[in-house]
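Everything below concerns the one structure shown next.
Atoms within a ligand are numbered from 1 in the order they appear, just like the ligands themselves. Quick caveat, the model's predicted, so the values are computed rather than measured. Computed over heavy atoms, backbone and side chain alike; hydrogens, waters and symmetry mates excluded.
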Amino acid sequence: MKTIRLTAAQAMVRWLSVQQNEEGERFIEGIWAIFGHGNVAGIGEALYEHRKEFPTWRGHNEQTMAHTAIAFAKAKKRRQAMAVTTSIGPGATNLVTAAATAHVNRLPLLLIPGDVFANRAPDPVLQQIEHFGDGTVSANDTFRAVSRYFDRITRPEQIMTALPRALRVMTDPADCGPVTLAFCQDVQAEAHDYPESFFEPKVWRIRRPEPDAVELAEAVALLKAAKSPVIVAGGGVVYSGAEAALADFAAMHDIPVVETQAGKSALDHDHALNFGPVGVTGASSANIVCESADLVIGLGTRFQDFTTGSWALFKNPLRRMLSINVQAYDAAKHGAASLVSDAKIALEALDRELGSHRFDAPDARLRADWFEATAAVKAAPDAAGNALPTDAQVIGAVQRSSGRDTVVMGAAGTMPGELHKIWDAPQGGYHMEYGNSCMGYEIAGAIGIKMARPDADVVCMVGDGSYMMANSELATAVMMGIPFTVVLTDNRGFGCINRLQQGTGGAPFNNLLDDAMHVNPSAIDFVAHAGSMGAKAVKASDIKSLEAELEAAKGSDRPVVIVIDTDPAPSTKAGGHWWDVAVPEVSTRAEVKTARKSYETNIAKQRLAT
Ligand SMILES: Cc1ncc(C[n+]2csc(CCOP(=O)(O)OP(=O)(O)O)c2C)c(N)n1
Ligand SMILES: [Mg+2]
């Protein structure tokens with residue numbers, strides 16, 4: 001057996017650089033790195049050695065570097081991913097939130113935090129937590145809950161089993177998610193005679209599981225017995241590449257499709273059977289169809305509470321559920337008949353079985369009414385009055401300046417709900433991280449989307465709260481010459497949570513900056529802040545000037561941040577659905593007592609686990 005003597009870190013990087021997808025691209029495009037004593041000497045030296053075949057990028061925060069990697073993988077529809085390496089201790093645990101985000105969203109992400117010395121010679125090293133009762137625990141054990149595969153590399157040989165397991169998980173359509181390989185500092189630097197065959201290039205094909213014959217027969221029987229089915233399209237449609245199959249299937253059989261946050265833009269917004277966004281942030285067209293549907297067909301969806309209206313949305317007493325999902329865990333949810341399958345394969349199989357069967361066409365007027373309602377809230381405000389713009393009006397301006405190449409993106413705050421409701425997305429033009437809805441994903445995420453889709457025009461919609469939580473990768477985007485447009489809505493605080501607080505009977509407290517304990521009123525100059533990092537930054541005084549700035553931002557060689565003051569109070573009233581947020585059972589506040597009464601009426605409408 002021919003061998004080559006390498007350090008464990010050199011072997012890992014060399015191996016990662018030759019793992020490919022079916023398109024012949026590196027599956028792991030490259031690695032984000034912030035070095036410390038836990039990875040600079042071992043992994044750092046190996047990355048330098050391989051910097052031509054396997055690029056290394058430097059960010060400003062471990063969590064946000066991983067956000068970029070997550071957005072890249074999502075924009076690549078899971079066909080490529082990125083790695084992130086950190087030092088031990090705080091550098092490592094800074095990644096835990098991002099691991100959770102990748103875990104919730106089922107997105108591939110390779111995390112390689114450094115770990116304490118396997119030989120324990122210098123214990124305790126700087127940043128070692130020292131668990132008193134368990135010698136095998138390090139800070140990296142915090143990743144176990146949020147990794148689909150976790151391993152600790154304590155001997156150089158272990159990478160020969162750990163790395164293939166890591167790629168297996170990331171390229172498995174059902175198990176896909178984050179992998180954590182905690183890499184002991186001394187082991188990174190230790191040499192071993194690796195078989196040369198270990199470094200042969202390998203292609204990782206993402207399989208398309210076929211439906212089980214009995215499950216398929218059951219699904220067909222359910223469909224044939226139905227009169228008014230609805231398809232709830234989730235992110236699985238996109239990861240399967242089933243967009244065209246879904247467009248054809250819906251049109252051929254007259255089945256309305258409604259879209260979740262992850263599923264939005266699977267169908268073009270003007271497809272005649274696209275009845276719009278579903279659930280809490282849904283369209284009236286979508287929700288009316290869902291309320292009366294006698295068969296709810298989940299297609300690549302996790303049935304998150306925003307989608308199901310906390311299980312109070314699908315309320316036809318005769319309603320049955322069919323869940324088509326590559327992951328059996330999702331397919332079995334809520335008593336659904338399971339069809340464990342790739343979405344595209346399942347649609348093709350169902351189409352063959354249904355032949356020319358058409359269901360009763362849904363009422364097209366519902367769609368028309370919805371488009372009319374959303375056009376009205378997106379319209380520019382009248383010149384009269386000087387009230388601050390709403391988020392919907394900001395969205396209207398962005399919509400008017402956008403084209404088919406625009407990808408609008410976001411994660412938390414008012415924007416995800418408003419965009420889900422009222423953004424008219426061309427197919428593939430919507431990117432929302434709404435599994436974890438992680439504040440601080442936005443700017444880093446925009447970088448990842450632009451790296452995945454250089455031809456796209458990326459518009460990042462971010463509130464002042466999320467911007468303040470994580471903005472430093474703006475400097476990375478400037479440095480790397482990655483342009484996108486940031487629309488920063490400054491409503492002086494956590495507007496959406498302030499509304500939720502009052503909706504549950506609470507007093508406005510600790511959400512808007514003026515309602516938080518302060519000695520000096522907060523006054524953040526966002527233009528100066530973004531400008532100081534090298535971004536182009538401007539303030540738009542109103543919707544008209546926002547439109548002008550959006551035009552001016554086009555073709556920029558660096559990120560452009562457009563700040564606009566908005567009103568924290570309004571949100572789009574049309575559409576929507578109740579959402580289960582637990583209201584206190586006893587309180588001294590009359591408003592809470594009233595909210596509790598209506599809460600009790602609403603929870604009685606939930607249809608649980610049937
Ligand atoms: C990391 C993280 N912390 C807390 C939350 C809860 N949360 C959701 S939205 C929000 C406020 C967002 O404020 P901003 O970005 O300004 O949006 P706005 O609603 O004001 O437009 C908070 C605190 C979250 N989603 N993520
Ligand atoms: Mg805000």
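- Residue-ligand proximity, Gly413 to ligand 1, at heavy-atom distances under 4.0 Å covers atoms 9 (S), 12 (C), 17 (O), 19 (O).
- Between Glu547 and Arg400 there is a salt bridge, since a side-chain N of the basic residue sits under 4.0 Å from a carboxylate O of the acidic one.
- Phe526 and Tyr467 have perpendicular rings, their planes meeting at more than 60° on a 0 to 90° scale where under 30° would count as parallel.
- The aromatic rings of His269 and Phe371 stand perpendicular to each other, their planes meeting at an angle above 60°, with 30° marking the opposite boundary.
- For a threshold of 3.5 Å applied to N or O pairs, the pair formed by Ser466 and ligand 1 contains at least one separation below that value.
- Between the side chain of Glu62 and the backbone N or O of Thr86 there is no donor-acceptor pair closer than 3.5 Å.
- Between Trp579 and Phe306, a ring centre-to-centre spacing shorter than 6.0 Å is recorded.
- Judged by a 6.0 Å distance limit and a 45° cone about the ring axis, Lys264 is positioned over the six-membered ring of Tyr430.
- On a distance-only criterion, Met469 and ligand 1 share no N/O pair closer than 3.5 Å.
- Thr85 places none of its side-chain heavy atoms less than 4.5 Å from the side chain of Pro113.
- Residue, atom and distance of the protein heavy atom nearest to atom 18 (P) of ligand 1 are Thr414 OG1, 3.4 Å.
- For Ser437, a nitrogen or oxygen atom sits less than 3.5 Å from a nitrogen or oxygen atom of ligand 1, counting backbone and side chain alike.
- Here the angle centred on the Mg ion (ligand 2), running from O of Gly493 over to OD1 of Asn491, is 90°, rounded to 10°.
- Arg148 approaches Asp175 most closely through the heavy-atom pair CD-O, 2.9 Å.
- The shortest N or O to N or O distance between Gly465 and ligand 1 is under 3.5 Å.
- Residue contacts with ligand 1 do not include Ala411, since none of its heavy atoms lies under 4.0 Å from the ligand.
- The distance from ligand 1 to the heavy atoms of Gly495 drops below 4.0 Å at these ligand atoms: 18 (P), 19 (O), 20 (O).
- If you check which protein heavy atom lies closest to atom 22 (C) of ligand 1, you get Met439 SD, 3.3 Å.
- Closest N/O/S atom of Asp464 to the Mg ion (ligand 2): OD1.
- Only the side chain of Asn491 comes within 4.0 Å of ligand 1, judged by heavy-atom distances.
- Around NZ of Lys554, the count of heavy atoms belonging to other residues, nucleotides or ligands within 6.0 Å exceeds 12.
- Taking each of Tyr441, Tyr467, Phe494 in turn, the one with a heavy atom nearest to atom 13 (O) of ligand 1 proves to be Phe494.
- With 2.8 Å as the limit, Thr414 does not count as an N, O or S neighbour of the Mg ion (ligand 2).
- Separation of the Trp370 and Phe275 ring centroids does not fall under the 6.0 Å cut-off.
- Of all the heavy atoms of Ile497, the ones lying under 4.0 Å from any atom of ligand 1 belong exclusively to the side chain.
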